[in-house]
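To start, the structure under review is shown below, and the notes come after it.
Lettering follows sequence order; numbering is per chain, from 1. Every heavy atom of this structure was used, including side-chain atoms; hydrogens, water molecules and symmetry mates were not. These figures come from a predicted structure and were not determined experimentally.
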Amino acid sequence: MEKRDTLIALVDCNSFYASCEKLFRPDLKNRPVIVLSNNDSCIVAASSEAKKAGLKRGLPLFQQKQLIESCGAAVFSSNYTLYADISRRVIMALGELAPSIETYSIDEAFIEVPFRLGADPHKIASYGREVREKVTRYTGIPVSVGISSTKTLAKAASRLAKKNNKGEMEHLYIIDNENRIPSLKAVAVEDVWGIGMRYSLFLRERGIHTAYAFSLLDPWWVKKKMTLTGYRTLLELNGEKQVNPEDPSSGKKAIISSRQFGRPVTSLEELLEAVSDYATGASEKLYRQSSSAGAVTVVLETDRHREGEKYYSAGRSFLFPSPVSYTPDIIKASCALMKEIYSSGYNYKRAGVILTDIASTDKMQKELFEEINESGERKKLQQAVSEINFRYGRNTLSSLSRGTGTLKWQMRRQRLSPRYTTDINDFPVVSAG
DNA sequence: TCTGGGGTCCTAGGACCC
DNA sequence: TCTGGGGTCCTAGGACCC
């Protein structure tokens, strides 16, 4: 058996959100399907039929009304509860196929190709097919598989895999030493993982149009112009591993809760309601990962796309004397920050709460002179509220500062699909006989 | 009318210290 | 008149990802 380094496969769900919606709606099988961002404002996922019709990720909904109608696309608001559940099933299916998995995002995972396959291209290709077929069989979600020696090359391979839509190599692509150069010539520089819009414009201005041309640049020049990140990308394209696997035990370093409002908001009262709501959401996330936050930041901005109106954006942070996880503390600090950055006379479009300096609560230092009793009571209350909200739905119990009336600023989600898999009231009903 | 939300990493530059 | 330099820590902002 020929010796080789570990090979990495990137498994990428095709049009993930759209595929999830199709899963429970067989009538949509060959129809264009699109999924919208929060507030139903722009397209975040499009099925292959929708892409063919010209509907792309990132386009604002209001500009696509005609096209949507003419191609008969089904339109959904995003249903993250559903997608998160399907994602978990995909990861479980991969668990049976790979020695190690790194979940990269809701719809992608890097897996290690089993070492026993050696370097035999036929065996590796047949493993790729097995992964693709099993995931689809277990979950109903179609995936693409890209295999190579580094993560950046595996990403490039998966991009090429999406273009293969026939035969044995359907939705599968392997980059090895033999085909690396022609493969990278077929990948546009802006499609390289780690090279975004700014840098691809910069590179194209200098005559660099493909991943291959980029891979030939002087690494030190790239480091100077594109920071360490660009340098690592270059080395990865040349087959040198630079991007290390994440430590799976580490939790999030920041928790962000922010949203655009359903309509412009001007009053401080409504902003305080919104910020309390976001602070509650962020605190619950913090609680679920058993962590505490050392600081909270509140941000506020007007609509940057609105012509003829002055753009205003502000943010301010508060460092807690010692890390906190107690929701009311976080709400209180967030509201105080909002009062500081609020300026009247603007139409606000968005606000957010960001928790940072996050550390595991068990390892946390006890605050000096902390009153143990009070801390115990607080902990019990927090736990009870969190459990009730988990069981009976978000906001069953919540802080009064969130407001109890109709929350007029809340985002629009008018085309939400049912929670097929996570809410018993929404389970699909099957009749027999 | 109408352009998402949630993350990570890197760097420059200021503050502060000796 | 002369007006250091190196180290560390922190933060804001930029770039990227899905």
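The side chain of Ser258(A) places an N or O atom within less than 4.0 Å of a non-bridging phosphate oxygen (OP1 or OP2) of dG6(B). Between Arg263(A) and dC2(B) there is no side-chain polar atom (N or O) within less than 4.0 angstrom of OP1 or OP2. Within the 4.0 Å cut-off from OP1 or OP2 of dG6(B), not a single side-chain nitrogen or oxygen of Lys285(A) is found. OP1 or OP2 of dC2(B) has at least one side-chain nitrogen or oxygen of Arg306(A) nearer than 4.0 Å.
In this view, Ile358(A) and Ile255(A), Leu286(A), Gln289(A), Ser291(A), Ala293(A), Leu355(A) satisfy the side chain to side chain contact (heavy atoms under 4.5 Å, CB included) rule, not counting sequence neighbours.
Of the residues in residues 232-242 of chain A, those placing a heavy atom less than 4.0 Å from an atom of DNA chain B are Arg232(A), in numerical order.
Between the C1' atom of dC17(C) and the CG atom of Leu10(A) lies a distance of 12 Å, rounded to the nearest Å. The nearest whole Å value for the distance from the CG atom in Asn39(A) to the P atom in dT3(B) is 8 Å. Here dC18(C) presents its P atom at 12 Å from OH of Tyr17(A), a figure rounded to the nearest Å.
At least one side-chain heavy atom of Leu271(A) sits under 4.5 Å from a side-chain heavy atom of Phe261(A).
Leu61(A) comes within contact range of no nucleotide atom at all, as no heavy-atom separation falls under 4.0 Å. In this structure, Tyr104(A) reaches the sugar-phosphate backbone alone: every heavy-atom distance under 4.0 Å involves primed, P, OP1 or OP2 atoms, never a base. Within 4.0 Å (heavy atoms only), Lys223(A) reaches no atom of the nucleic acid at all. Among the heavy atoms of the strands, none lies under 4.0 Å from Ile106(A).
Here Lys134(A) pairs with Glu130(A) in a salt bridge; the nearest charged N to carboxylate O distance falls below 4.0 Å. Taking 4.0 Å as the cut-off between side-chain N and carboxylate O, Arg132(A) and Glu170(A) do not count as a salt-bridged pair. Residues Lys332(A) and Asp329(A) are not paired through a salt bridge, judged by the lack of any N-O separation under 4.0 Å between the basic side chain and the carboxylate.
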Side chains of residues 52-60 of chain A: which donor-acceptor partners sit under 3.5 Å, not counting sequence neighbours?
| residue | atom | partner | partner atom | Å |
| --- | --- | --- | --- | --- |
| Arg57(A) | NH1 | Val44(A) | O | 3.1 |

Compile the donor-acceptor pairs under 3.5 Å between side chains in residues 336-345 of chain A and protein atoms, sequence neighbours left out, one pair per line.
| residue | atom | partner | partner atom | Å |
| --- | --- | --- | --- | --- |
| Glu340(A) | OE1 | Arg316(A) | NH1 | 2.8 |
| Tyr342(A) | OH | Thr266(A) | O | 2.6 |

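Mapping Pro264(A) and Arg350(A) onto DNA chain B by nearest heavy atom places Pro264(A) at the nucleotide closer to the 5' end.
Comparing dT3(B), dG7(B), dG5(B) by their nearest atom to the side chain of Arg259(A) picks out dG5(B). Listed candidates were dT3(B), dG7(B), dG4(B). Nearest to the side chain of Pro60(A) is dT3(B).
There is no side-chain donor-acceptor pair under 3.5 Å between Ser15(A) and Lys22(A). Counting only N and O atoms by type, the side chains of Asn14(A) and Ser144(A) include a donor and acceptor under 3.5 Å apart. Under 3.5 Å, the side chains of Glu236(A) and Thr152(A) contain a donor-acceptor pair of N or O atoms. Using modelled atom types, one finds a donor on one side chain and an acceptor on the other under 3.5 Å when comparing Glu112(A) with Ser100(A).
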>> Across nucleotides 8-16 of chain C, 5' to 3', mark each nucleotide with B, S or - according to how protein heavy atoms within less than 4.0 Å reach it.
In response: ---S---SS

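For the P atoms, the distance from dT3(B) to dC18(C) is 23 Å, rounded to whole Å.
Residue Leu203(A) forms a side chain to side chain contact (heavy atoms under 4.5 Å, CB included) with just one option from Thr210(A), Val222(A), Ile208(A), and that option is Ile208(A).
Scanning DNA chain C for stems, defined as runs of 3 or more consecutive Watson-Crick or G-U wobble pairs whose donor-acceptor distances all fall under 3.5 Å, gives the following ranges: B:5-18 with C:5-18.
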